[in-house]
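Note that these values count all heavy atoms, side chains included, but never hydrogens, waters or copies made by symmetry. Keep in mind that what you see is a predicted model, and the values were worked out from it rather than measured.
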Amino acid sequence: MKILISGGTGLIGKALIKNLIKTGDQVVVLTRRKDGLEDSDSIKYVEWDARSSETLIPYLQDVNAVINLAGDNIGNGYWTKAKKERIVNSRVQAGNALTKAIIDSGNNPDVFIQASGVGYYGASLDKIFDELSPNGNGFQADVAHKWENSSTILDSAGVRRVTIRMGIVLDAKSGALPLMVLPFKMFVGGPLGSGRQYVSWIHLQDNIRAIDFVMRNNKLIGAVNLTAPTSYTNKEFGKMIGKVLHRPYWFPVPAFGLKLFLGEKSELVLEGQKVKPGKLLEHGFQFKFPDLENALRNIYNK
């Protein structure tokens with residue numbers, strides 16, 4: 001297959017590209033900066049401002065799949081007004097541009113995969129969310145809703161569009177896990193806030209395998225949750241980190257302290273949702289790491 005990927009130089013994009021090359025696919029990667037990135041027989045890097053559509057048209061020839069991962073990192077920096085605008089605009093502009101380029105090119109890919117997050121459902125301490133659950137409230141829910149809608153025109157253009165709502169992707173060096181583990185490495189790990197908020201997660205390997213599964217399975221369409229089949233509260237999650245890393249779990253971090261330090265962004269750790277991967281399970285996807293302990297032991301080679 002020939003696959004075009006936007007946002008291909010982040011945690012998920014890099015791992016996905018590596019996996020696709022191993023399976024013999026040809027990959028075109030859209031990136032803001034090509035410096036230091038070298039083309040090969042299997043991969044071509046194209047500089048793109050994540051806004052314009054005209055320059056993309058030549059690269060859509062004979063493309064079988066488009067995977068849109070582009071968007072400003074929601075976890076970096078404080079959520080100032082300007083930062084929140086960048087988070088939203090970077091996602092909406094990239095989705096709109098890719099969509100327009102596909103329509104204008106007259107070359108519809110077999111599938112368009114639109115990234116999103118489980119924050120789409122909003123926060124809850126007791127609800128269980130699946131792909132049929134409605135859009136929730138709050139900044140993350142609003143971002144996800146606008147991100148998903150940036151490419152909806154493709155639904156009426158005859159393109160199979162899949163929206164992947166990803167949970168927290170676990171990796172030792174990048175993403176949220178290193179920040180979650182840091183207090184435990186300093187022997188001050190404990191629950192954040194009440195500890196009752198759910199953490200919906202997925203091992204990086206399973207996340208990449210699930211994207212590949214969605215891309216190649218013609219029966220999958222619409223929203224698909226990319227989360228492990230088991231969810232844990234923040235308290236349970238922390239205890240498991242302590243168990244795997246052989247670190248104590250006893251220093252609670254009060255919610256007011258996190259709000260004072262992180263501002264509005266504290267909702268990333270103080271709020272959560274219990275999300276089930278209904279469609280993946282229904283279509284026979286097999287998780288390599290369905291439970292948290294095995295996932296963490298694999299990540300930290302324990």
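- For the atom pair OG1 (Thr163) and CH2 (Trp147), the distance works out to 10.5 Å, reported to the nearest 0.5 Å.
- For Lys235, the NZ atom counts as loosely surrounded, since its 6.0 Å shell holds 12 or fewer non-hydrogen atoms of other residues, nucleotides or ligands.
- For the side chain to side chain contact (heavy atoms under 4.5 Å, CB included) test with Val159, the passing option among Thr99, Asn108, Val66 is Asn108; the others fail.
- Checking Gln140 against Glu267 by side-chain atom types alone, a donor-acceptor pair falls below 3.5 Å.
- Note that CD1 of Ile164 is 6.5 Å distant from CG of Asn207, once rounded to the nearest 0.5 Å.
- In the model, Gln273 has no side-chain atom that pairs as donor or acceptor with a side-chain atom of Ser124 under 3.5 Å.
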- prompt: For Arg161 and Ser151, what are the C-alpha separation, side-chain angles and deciding distance, and is it a side chain to side chain donor-acceptor pair (under 3.5 Å)?
  reply: CA-CA 8 Å; Arg161 190 176 70 104; Ser151 56; 3.0 Å; yes
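- Linking ILVMFWY side-chain heavy atoms closer than 4.5 Å, directly or via other members, places Leu179 and Ile241 in two distinct hydrophobic clusters.
- Ion pairing between a basic and an acidic side chain is recognised when a charged N comes within 4.0 Å of a carboxylate O; Lys276 and Asp130 show no such pairing.
- Cation-pi geometry between Arg165 and Tyr120 is satisfied (NZ or CZ under 6.0 Å from the ring centre, within 45° of the ring normal).
- At distances below 3.5 Å, at least one donor-acceptor pair connects side-chain atoms of Arg160 with backbone N or O atoms of Leu220.
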- prompt: Can Asp126 and Arg196 be said to form a salt bridge (charged side-chain N to carboxylate O under 4.0 Å, His left out), step by step?
  reply: CA-CA 9 Å; Asp126 50 18; Arg196 296 172 54 217; over 6 Å; no
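- Hydrophobic clustering places Val46 together with Leu98 (ILVMFWY residues linked when any side-chain heavy atoms are closer than 4.5 Å, directly or through intermediates).
- Under a 3.5 Å cut-off, the side chain of Gln197 and the backbone N or O of Val269 do form a donor-acceptor pair.
- By the neighbour-count criterion of 12 heavy atoms within 6.0 Å, atom NZ of Lys239 is sparsely surrounded, having that number or fewer from other residues, nucleotides or ligands.
- Taking a cutoff of 4.0 Å between a charged side-chain nitrogen and a carboxylate oxygen, Glu264 and Lys84 qualify as a salt bridge.
- When atom types are taken as modelled, the side chain of Thr227 and the backbone of Gly167 share no donor-acceptor pair closer than 3.5 angstrom.
- The residues Asp212 and Arg209 are annotated as not salt-bridged, no charged nitrogen and carboxylate oxygen being separated by less than 4.0 angstrom.
- Partner Val111 forms a side chain to side chain contact (heavy atoms under 4.5 Å, CB included) with one of Val162, Asn64, Ile3, Leu154 and no other, that one being Val162.
- If you check the side chains of Tyr121 and Asn225, you find a donor sitting under 3.5 Å from an acceptor.
- Rounding to the nearest 0.5 angstrom, the gap separating the CD1 atom in Ile299 from the CG atom in Leu170 is 4.5 Å.
- If you take CG on Leu245 and CG on Leu296, they are separated by 7.5 Å, rounding to the nearest 0.5 Å.
- No more than 12 heavy atoms of other residues, nucleotides or ligands shown are found within 6.0 angstrom of CD on Gln286.
- Val118 and Phe237 fall into different hydrophobic clusters, defined by Ile, Leu, Val, Met, Phe, Trp and Tyr side-chain heavy atoms under 4.5 Å apart, directly or through other members.
- For Leu258, the CG atom is densely surrounded, since the number of other residues' heavy atoms within 6.0 Å is greater than 12.
- Connection of Ile67 to Leu56 is not established within any shared hydrophobic cluster, with ILVMFWY side chains joined at heavy-atom distances below 4.5 Å, either directly or through further cluster members.
- A side-chain N or O of Asn149 and one of His145 form a donor-acceptor pair less than 3.5 Å apart.
- For the residue pair Gln26 and Lys2, no side-chain donor N or O sits within less than 3.5 Å of a side-chain acceptor on the partner.
- Distance check: Ile43 CD1 to Leu37 CG gives 8.0 Å after rounding to the nearest 0.5 Å.
- Side-chain atoms of Lys127 do not come within 3.5 Å of backbone N or O of Ser133 as any donor-acceptor pair.
- Of the possible polar contacts, none joining the Trp48 side chain to the Ser53 backbone as a donor-acceptor pair under 3.5 Å is found.
- For the 3.5 Å distance criterion, the side chains of Asn298 and His203 qualify, holding a donor opposite an acceptor.
- Side-chain atoms of Lys44 do not come within 3.5 Å of backbone N or O of Val27 as any donor-acceptor pair.
- Between the side chain of Gln61 and the main chain of Pro58, no donor-acceptor pair closer than 3.5 Å is present.
- In the hydrophobic clustering of this structure, Leu69 groups with Ile202; members are Ile, Leu, Val, Met, Phe, Trp, Tyr whose side-chain heavy atoms approach within less than 4.5 Å, directly or through other members.
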- request: Go through Lys83 and Asp72 one step at a time and tell me if the salt bridge (charged side-chain N to carboxylate O under 4.0 Å, His left out) criterion holds.
  value: CA-CA 9 Å; Lys83 170 66 175 180; Asp72 191 81; 2.4 Å; yes
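- Checked against the 6.0 Å centroid criterion, the rings of Phe287 and Phe285 qualify as a close aromatic pair.
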message: Run the side chain to side chain donor-acceptor pair (under 3.5 Å) test on Ser116 and Glu148 for me, step by step, so that the C-alpha distance in whole Å, both residues' side-chain angles and the decisive distance to 0.1 Å come before the verdict.
response: CA-CA 6 Å; Ser116 185; Glu148 295 183 14; 2.7 Å; yes
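- No hydrogens or angles considered: a donor-acceptor pair under 3.5 Å links the side chains of Asn68 and Ser6.
- Considering every non-hydrogen atom in both Tyr198 and Leu125, the closest pair reads CE1-O, 3.5 Å.
- Between Lys243 and Glu293 there is a salt bridge, since a side-chain N of the basic residue sits under 4.0 Å from a carboxylate O of the acidic one.
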